[in-house]
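Residue numbers start from 1 in every chain, and the chains themselves are labelled A, B, ... in the order their sequence lines are given, proteins ahead of strands.
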Number of protein chains: 2
Amino acid sequence: MDQKLESYFKAAVSVDNVVFGFDNSGLKVLLIYRGADPYRNCWALPGDLIALDTDLTSSAEKVLQDLTGLEKVYMEQIHTFGKVNRHPYGRVFTVAYFALIKTEDYHVHASSWAEEAAWFPISDIPDLPFDHNEILEYAKNMLKSKIRRQPIGFELLPKYFTLTELQNLYESILETQFDVRNFRKKILSLDYLTDTGMKQSSVTHRPAKLYKFNTKKYNNLVHSGFSVELNFPLFPTENLTV
Amino acid sequence: MDQKLESYFKAAVSVDNVVFGFDNSGLKVLLIYRGADPYRNCWALPGDLIALDTDLTSSAEKVLQDLTGLEKVYMEQIHTFGKVNRHPYGRVFTVAYFALIKTEDYHVHASSWAEEAAWFPISDIPDLPFDHNEILEYAKNMLKSKIRRQPIGFELLPKYFTLTELQNLYESILETQFDVRNFRKKILSLDYLTDTGMKQSSVTHRPAKLYKFNTKKYNNLVHSGFSVELNFPLFPTENLTV
DNA sequence: CGAATATATTGTAAAATTTACAATAATTAA
DNA sequence: TTAATTATTGTAAATTTTACAATATATTCG
């Protein structure tokens with residue numbers, strides 16, 4: 001019985017982070033260049049085995065900070081992957097998290113055994129070790145469905161942003177396009193954006209108004225049971241193909 | 001380094017299943033009476049440590065079948081819980097799953113080290129060991145948000161059911177009430193129910209029509225991008241309390 | 001057989017939301 | 001001043017949601 005019990009306690013658990021960022025050229029994912037075995041010398045999700053004296057949630061934050069220098073970012077658990085042979089060193093379960101960061105506010109720098117850290121466009125991801133491509137796919141879908149229900153997109157934008165930038169973000173993630181007028185009407189009707197009164201500068205055309213996400217207003221809305229789901233109007237023929 | 005690596009491989013992983021059932025008296029959860037340490041002699045979620053030669057998904061199914069006799073049921077991963085001291089025997093991460101079953105179609109029988117298995121009304125759950133109450137809470141919320149987006153409720157009903165039964169199910173899970181006319185209009189407009197032409201028998205009043213869930217129609221709808229979300233009309237004042 | 005009882009079933013008008021669609025405004029550069 | 005570029009805005013039609021109650025169909029009982 002004790003023997004039996006011991007046999008269960010031979011697994012390791014790791015955390016793999018899917019870190020999304022966004023800039024004008026679209027949605028990005030942060031990868032590190034592995035400087036440690038296994039799969040040394042290839043690009044992978046920033047992830048590592050968990051020390052057994054640390055809570056799971058803290059571990060996710062710690063792993064991210066150790067490898068990329070990022071801290072205090074929005075993180076959420078995605079899914080746990082546990083195929084028998086997913087890791088060459090033994091039985092390793094991995095808990096995947098996603099993180100959203102404002103690329104402008106953070107400087108990413110590889111550390112610990114990560115030799116490099118770099119942003120890859122979501123549409124151009126190399127072959128990754130372990131089951132990391134599967135994890136990434138899962139994360140993309142989760143982001144996609146999540147952003148339709150909660151305003152997490154603001155975690156990816158700078159503090160002040162234009163409605164055009166916001167629309168670009170939604171279009172990138174949802175891989176679709178919205179009518180400009182309807183998008184603005186809808187997002188403004190949700191009533192959690194504040195017009196800062198400021199405008200874009202140093203652009204060579206009509207400057208756009210700068211908005212910010214109003215957390216307080218948003219929380220009030222949620223607290224009073226108001227729906228903050230987007231349910232966006234799509235372009236015609238976009239959603240009904242028979 | 002090898003020493004270091006070894007220190008990671010001393011965790012265990014368990015699976016805990018939140019099995020939901022439904023009958024006329026409401027939503028139920030399946031608990032087992034533990035006949036093994038730790039927490040022997042108390043009610044708990046059916047869960048167990050995972051053998052390290054079995055995939056995570058298979059383990060979830062196996063654990064459920066071993067303890068309760070249930071197999072081939074609708075299961076989905078919920079979340080992974082990993083506080084350091086959640087298990088008295090060592091570091092145990094647990095992956096929670098939920099399962100939906102048609103209580104009429106299955107006979108639940110405790111086996112392995114489970115001494116009993118019984119259905120508990122969702123509103124009357126005892127104190128559970130480990131973090132099982134937290135897991136259950138998590139599962140309830142997941143079921144709640146999930147059923148608003150996908151017709152998973154049919155997994156809880158018998159093959160043929162009345163619209164009243166369906167409405168009761170939705171009302172139980174969502175803890176709200178719907179207007180009869182609006183509920184029927186909406187659910188029928190979704191176009192994945194088939195009127196079987198049969199009627200209820202042995203009731204002492206007007207018998208209701210029996211419907212069934214039409215998987216093929218549903219898949220066609222989903223495949224053509226049609227929205228199957230419910231977005232139910234609620235009773236007035238139900239969702240805006242300020 | 002008729003009445004009482006119990007649940008099932010259905011329609012419609014008003015309000016709100018979504019959808020489709022293009023002209024005008026504000027800035028810089030030439 | 002004009003050209004170029006992006007930002008901003010309105011409205012009518014269609015669809016969906018909402019609020020609301022009368023009628024239908026079965027069984028049981030007297």
Side-chain angles (χ1 to χ4, degrees), chain A residues 24-25 148 157 160-171 174 176-191 193-211 221 225-241, chain B residues 24-25 148 157 160-171 174 176-191 193-211 221 225-241:
Chain A
N24 289 328
S25 66
R148 294 191 48 175
L157 288 176
Y160 305 118
F161 50 85
T162 71
L163 292 186
T164 303
E165 286 166 348
L166 185 62
Q167 180 167 355
N168 286 339
L169 171 67
Y170 275 92
E171 291 182 343
L174 293 172
T176 184
Q177 292 198 303
F178 301 116
D179 175 82
V180 188
R181 285 159 292 188
N182 293 343
F183 178 87
R184 284 163 178 248
K185 236 180 309 179
K186 180 71 190 181
I187 202 86
L188 255 18
S189 78
L190 263 20
D191 213 41
L193 289 190
T194 301
D195 183 342
T196 64
M198 296 185 290
K199 286 184 180 177
Q200 266 182 325
S201 59
S202 56
V203 286
T204 173
H205 52 76
R206 176 175 177 175
K209 290 187 194 173
L210 291 172
Y211 289 82
L221 291 173
F226 197 84
S227 171
V228 289
E229 304 204 358
L230 283 87
N231 200 289
F232 274 127
L234 299 173
F235 269 147
T237 72
E238 191 73 33
N239 57 344
L240 260 177
T241 340
Chain B
N24 289 329
S25 65
R148 294 190 49 173
L157 289 176
Y160 305 118
F161 51 85
T162 71
L163 292 186
T164 302
E165 288 166 347
L166 186 63
Q167 182 168 353
N168 287 339
L169 172 67
Y170 275 92
E171 291 182 342
L174 293 172
T176 186
Q177 293 199 303
F178 301 115
D179 175 83
V180 188
R181 286 158 290 188
N182 292 343
F183 179 87
R184 283 162 180 251
K185 238 180 308 180
K186 180 69 189 183
I187 202 85
L188 255 19
S189 78
L190 262 20
D191 215 40
L193 290 189
T194 302
D195 183 343
T196 63
M198 296 185 290
K199 285 184 180 176
Q200 264 182 327
S201 58
S202 56
V203 285
T204 173
H205 52 75
R206 175 175 177 175
K209 291 186 195 174
L210 292 172
Y211 289 82
L221 290 173
F226 197 82
S227 171
V228 290
E229 304 204 357
L230 282 87
N231 200 288
F232 274 127
L234 299 173
F235 268 147
T237 75
E238 191 73 35
N239 56 343
L240 260 178
T241 339

Most 5' of A/K185 and A/H205 on DNA chain D, judged by nearest nucleotide =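 Of the two residues, A/H205 wins.
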Side chain of [X] only, please: which of [options] is the nearest?
{"X": "B/R181", "options": "D/dA21, C/dT19, C/dA26", "answer": "D/dA21"}
{"X": "A/N182", "options": "C/dT27, D/dA26, C/dA20", "answer": "C/dA20"}
{"X": "A/R184", "options": "D/dA19, C/dT10, D/dA7", "answer": "D/dA7"}
{"X": "A/K209", "options": "C/dT10, D/dT8, D/dT17", "answer": "D/dT8"}

When the distance from [atom1] of [X] to [atom2] of [N] is rounded to whole Å, what number comes out?
{"X": "B/Q177", "N": "D/dA19", "atom1": "CD", "atom2": "P", "result": "14 Å"}
{"X": "B/K186", "N": "D/dT18", "atom1": "NZ", "atom2": "C1'", "result": "12 Å"}
{"X": "A/F178", "N": "C/dC21", "atom1": "CZ", "atom2": "P", "result": "17 Å"}
{"X": "A/F226", "N": "C/dT17", "atom1": "CZ", "atom2": "P", "result": "7 Å"}
{"X": "A/N168", "N": "D/dT6", "atom1": "CG", "atom2": "P", "result": "11 Å"}
{"X": "B/D179", "N": "D/dT18", "atom1": "CG", "atom2": "P", "result": "10 Å"}
{"X": "A/E229", "N": "C/dT17", "atom1": "CD", "atom2": "P", "result": "14 Å"}

Within residues 196-203 of chain A, find the residues that approach DNA chain D with a heavy atom at under 4.0 Å, and present them sorted by residue number.
->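 Listed by number, there are none.
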Any side-chain N or O of A/T204 less than 4.0 Å from the OP1 or OP2 oxygen of D/dT5?
->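 It does not, given that no N or O in the side chain of A/T204 lies less than 4.0 Å from OP1 or OP2 of D/dT5.
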Contact class for A/T164 (heavy atom, under 4.0 Å): base, sugar-phosphate, or nothing?
->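 If one applies the 4.0 Å heavy-atom cut-off, A/T164 turns out to touch the sugar-phosphate alone, with no base involved.
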